[in-house]
> 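Pasting in a structure now, in structure tokens, and then I'll have a few things to ask.
We use all heavy atoms of the structure for the numbers below, so side chains are in, but hydrogens, waters and symmetry mates are not.
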Amino acid sequence: TTFIDTVFNVTFYWCFWCHSHDSYTRRILNKIMSIGIFYASNFIDSVEIIREKLFSEAFQTFFGFPYQEAEISISSGGKPEFKAGCHAGCFFNLSHSKTILALACSTSLIGIDVEDQRFFSPKLIQRISSKEELLTHEESLVSQSYALALWTFKEAYVKYTGNGLREPFHSFSVPNLDDSLLAQSSFQLMHSPKETETLFFFSMPILHSRLTICSTDPSSPQLVPLIL
């Protein structure tokens, strides 16, 4: 598995506050965003309460229809998705850390992961790294920022595929990921695990965490902070 080293800085983010939206603004935003990442941070309410508010605001803003729990099912790999026959061409994925709850909405299949910075022991790094990655990065010398990014890339990918942790992290590689990329404010990598499929990973630090998405859409995502 190889990555084509296409890297660029994202120079434009469309940020707005949810309470200022009128119906016209919602229609405009729905047309200009092909990937929207809606997130809440430093929330007081429980994750369950914030999650429902996040779904409601994001679905109405991005897709133009209300959130209905009855339209959501869980795949065999544990991935929430719209039930068959509901909202064809609409995709979403959810991730949360202790400080951030993030929902990615897209017109293409998508996976997202957000993780707070934490300590990755050499044993854990070895467990999530492929043989190729261990040859390139000795686990005792790997930076914590690299380990965090590696985790988010791999989790975003298995959430994109819907396989979840049934697809062990050590079974595939992210060979072009290194500390020089992580020093950038944001970056994108292109990956072709299959000849018929090209995937795009977008990654960036957000507060004290790292957020990474995996999608077939090369568009830069628009970050939408919500006050919930």
> Return each pair, listed once, that meets side-chain hydrogen bond (donor to acceptor under 3.5 Å, both in side chains) where at least one residue sits in residues 83-93; pairs must be two or more places apart or across chains.
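Those involving residues 83-93 are Glu71-His87.
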
> Under 6.0 Å between ring centres: does that hold for Tyr157 and Phe169?
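No.
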
> How about Leu181 and Leu189: do any of their side-chain heavy atoms sit closer than 4.5 Å?
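Yes, close enough: below the 4.5 Å cut-off.
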
> Without swapping roles, check the side chain of Ser209 against the backbone of Val114 for a donor-acceptor pair under 3.5 Å.
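The answer is no, because no donor-acceptor pair under 3.5 Å joins these two groups.
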
> Decide, yes or no, whether a salt bridge links Glu115 with Lys98 under the criterion of side-chain N to carboxylate O below 4.0 Å.
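A salt bridge is absent here (no side-chain N lies under 4.0 Å from a carboxylate O).
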
> Between OG1 of Thr107 and CZ of Phe63, what distance do you get to the nearest 0.5 Å?
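Thr107 OG1 to Phe63 CZ: 8.5 Å, rounded to 0.5 Å.
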
> Taking all atoms of both residues into account, what is the closest heavy-atom pair of Lys79 and Tyr160, and its distance?
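The pair with the smallest heavy-atom distance is NZ-O, 3.1 Å.
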
> Given salt bridge (Lys or Arg N to Asp or Glu O under 4.0 Å), test Glu167 with Lys159 step by step and report yes or no.
CA-CA 10 Å; Glu167 189 167 3; Lys159 292 176 73 175; over 6 Å; no

> Between Lys154 and Ser130, which heavy-atom pair has the shortest distance, and what is it?
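For Lys154 versus Ser130, the nearest heavy atoms are NZ-N, 3.8 Å.
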
> Between Trp151 and Arg210, is there a cation-pi geometry (under 6.0 Å to ring centre, at most 45° from the normal)?
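The answer is no; the distance or angle limit is not met.
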
> Within a reach of under 6.0 Å around CZ of Arg127, are more than 12 heavy atoms found that belong to other residues, nucleotides or ligands?
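No - once you tally the heavy atoms of other residues, nucleotides and ligands closer than 6.0 Å, there are 12 at most.
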
> Nearest 0.5 Å please: distance from the SG atom of Cys105 over to the CZ atom of Phe91.
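Spacing of SG (Cys105) from CZ (Phe91) equals 12.0 Å.
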
